[in-house]
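To start, the structure itself, in structure tokens.
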Amino acid sequence: VGVAAAFIIAAAVLIIACPCAMGLATPAAIMASANAAAARGILIRDGVALEKAGAVTAVVFDKTGTLTAGRPEVVQSFSPLATERAPLDKGRLAQERVKVIAAALARTSTHPLSQALAKLSSEEIRFSEWRELRGAGLEARFNEVSAVKTARLGALPWLREAGVNLTVGEAFVAEWSAQGATVVGLALDHVLVGLFAVRDTLKPGAVKVVGQLRQQKLKAFLLTGDNLLTAESIARQVGIVRENVFAEVRPEQKAEFVKQLQARGERVAFVGDGINDAPALTQADLGIAVSRASDVAREAADIILLKSEIEAVPEALGLARATLRTIKQNLFWAFFYNAIGVPLAALGFMSPVLCAAAMGFSDLIVIGNALRLRRWRQSSLSSSS
């Protein structure tokens with residue numbers, strides 16, 4: 001081979017071996033995917049989040065504000081003070097007074113359940129030493145002269161731990177918990193004086209979302225601080241299997257639950273909206289904050305649903321899987337192109353001009369394949385699984 005021919009072959013090899021296609025394979029797919037996600041109101045924090053989303057095997061949902069609308073209402077109340085043995089007027093008076101105390105105590109909290117109870121009455125009662133225990137309830141002392149010193153409003157397990165006897169309300173709790181309501185108790189000192197059934201409505205797309213996750217072969221879990229009956233009722237309505245329901249979980253325990261799933265080999269996505277969900281969002285492999293989530297939850301999340309509700313969860317995960325698949329396809333074609341082209345150029349079968357054209361064509365293939373993600377549609381979920 002002459003010197004001129006050797007230079008031509010060397011130039012051809014250098015041109016065909018240029019790793020442009022390999023360099024474009026990943027960033028082109030990530031940019032196209034991020035663009036497609038943004039058009040759907042899905043904000044993906046970075047490429048790492050996209051990669052983590054594509055590897056998810058289990059999705060854990062918080063209940064209030066995530067699977068449910070987050071606008072609960074009091075649907076029924078019960079007061080042991082208003083018994084059949086009490087005169088009718090005194091029974092009614094006792095029940096109304098219980099509602100006034102519950103509403104006054106709840107008014108200072110921003111929790112959705114507290115806001116629902118606050119609507120029961122507008123009458124003011126002066127409390128001191130008011131405090132809110134995360135995941136448990138509200139506690140305060142009466143300012144007015146009374147034999148009663150402390151009022152507690154909150155979750156039944158917390159009241160039970162405080163020494164309140166809940167036996168008298170067991171039938172009420174069982175009835176309304178089975179209907180998916182959250183039962184909140186009011187105790188004065190250590191005496192139960194009222195129970196309130198607070199029910200939230202499911203988000204319209206909750207059932208469809210769980211079904212789509214099942215199509216993607218993802219496991220769905222429900223994690224809530226509510227009692228087991230309420231949690232199972234909600235899970236039954238949306239299609240989450242009973243063994244994947246975990247109830248009476250306090251906020252600080254949510255992150256620990258996620259950690260336990262990870263120890264079992266699951267790649268976990270946690271979907272939440274509240275301040276209490278931030279530790280779990282951080283612990284999860286992928287944190288997803290729904291629309292109207294608190295600022296703390298948004299800061300802790302990897303994916304933020306800006307415009308849409310949980311309907312975008314399977315869409316975001318499906319798009320992430322499609323992105324990873326596209327990256328692998330791009331890398332395969334880039335390596336395949338080099339594996340075939342370099343030997344041909346080295347043997348003199350490809351001129352530098354042909355090599356330049358082939359290199360440009362390979363770049364077009366990679367970019368074109370990545371741009372297909374912009375046309376990705378939710379209807380392709382079943383095929384993406």
Check: Leu166 and Val173 side chains under 4.5 Å, non-hydrogen atoms:
no
Any non-hydrogen side-chain atom of Asp62 less than 4.5 Å from a side-chain atom of Lys254?
yes
With a 4.5 Å limit on heavy-atom distance, are the side chains of Phe61 and Val290 in contact?
no
Side-chain contact, heavy-atom cut-off 4.5 Å: Val60 with Val271?
no
Does the pair Glu311/Arg40 count as a salt bridge with the N-to-O cut at 4.0 Å?
no
Just wondering, do Asn369 and Leu371 contact through their side chains at under 4.5 Å, heavy atoms?
no
Ser128 OG to Arg141 CZ distance, which is reported to the nearest 0.5 Å
6.5 Å
Matching residue for Gln283 among Gln262, Glu256, Lys259 - test: side chain to side chain donor-acceptor pair (under 3.5 Å)
Gln262
Answer yes when Glu266 and Lys219 have at least one side-chain N-carboxylate O distance shorter than 4.0 Å, and no when they do not.
yes
Please answer whether the main-chain N or O of Thr201 pairs with a side-chain N or O of Arg71 as donor and acceptor at a distance below 3.5 Å.
no
Could you check whether the rings of Phe257 and Phe221 sit parallel, tilted or perpendicular, using 30° and 60° as the cut-offs?
perpendicular
Quick one: does any side-chain atom of Ser33 pair with a main-chain N or O of Ala29 as donor and acceptor, under 3.5 Å?
no
Does CD belonging to Gln179 count more than 12 external heavy atoms closer than 6.0 Å?
yes
Verify, without hydrogens or angle tests, whether Arg107 (side chain) and Ser121 (backbone) share a donor-acceptor contact under 3.5 angstrom.
yes
Test your reading of the model: is there a side-chain donor-acceptor pair from Arg372 to the backbone of Gly368, 3.5 Å cut-off?
no
Applying salt bridge (Lys or Arg N to Asp or Glu O under 4.0 Å), which residue pairs with at least one partner in residues 159-182 are found, sequence neighbours left out?
Glu161-Arg250
Quick check on the hydrophobic clustering: are Val245 and Ile234 connected, directly or via other members, by side-chain heavy-atom contacts under 4.5 Å?
yes
Atom pair CD1 (Ile303) and CG (Leu43), whose distance is rounded to the nearest 0.5 Å:
9.0 Å
dist Leu195:CG -> Ser79:OG (nearest 0.5 Å) comes out at 8.5 Å
Grouping I, L, V, M, F, W and Y whenever their side-chain heavy atoms are under 4.5 Å apart, do Leu213 and Ile240 come out in a common cluster?
yes
Under 3.5 Å donor-acceptor, Ser233 side chain and Leu229 backbone:
no
Do side-chain atoms of Asp302 reach the backbone of Gly287 as a donor and acceptor pair under 3.5 angstrom?
yes
With side chains defined as the heavy atoms from C-beta onward, is the minimum distance between Asn227 and Thr230 less than 4.5 Å?
yes
The reported gap from CZ in Arg321 to NZ in Lys217 (rounded to nearest 0.5 angstrom) is 8.5 Å
Could you tell me whether a side-chain N or O of Thr224 sits under 3.5 Å from a main-chain N or O of Ala231, the two making a donor and an acceptor?
no
Separation between OG1 of Thr182 and CZ of Phe196, rounded to the nearest 0.5 Å
14.0 Å
Using a strict 4.0 Å threshold on nitrogen-to-oxygen distance, state whether Lys63 and Asp200 make a salt bridge.
no
Is it the case that the side chain of Asp189 and the backbone of Val191 share a donor-acceptor pair, with hydrogens and angles ignored and the cut-off at 3.5 Å?
no
Check whether any side-chain heavy atom of Val198 sits under 4.5 Å from a side-chain heavy atom of Trp176, and report yes or no.
no
Test of understanding: clusters of I, L, V, M, F, W, Y form through side-chain heavy atoms closer than 4.5 Å, transitively. Do Leu222 and Val258 belong to the same one?
no
Do the charged groups of Arg267 and Asp285 touch, with an N to O distance under 4.0 Å?
yes
Looking at CG of Leu317 and CD of Gln212, how far apart are the two atoms once the value is rounded to the nearest 0.5 Å?
10.5 Å
Under 3.5 Å, is there a donor-acceptor pair between the side chain of Thr326 and the main chain of Ala322?
yes
Side-chain touch Leu324/Glu51, heavy atoms, less than 4.5 angstrom
yes
Are Leu364 and Met31 joined in one hydrophobic group, where the rule is that I, L, V, M, F, W and Y side chains link up if heavy atoms are under 4.5 Å apart?
no
Are the side chain of Gln216 and the backbone N or O of Pro314 linked by a donor-acceptor pair below 3.5 Å?
yes
Is it the case that one hydrophobic cluster holds both Trp130 and Ile101, taking links as side-chain heavy atoms less than 4.5 Å apart, direct or via other members?
yes
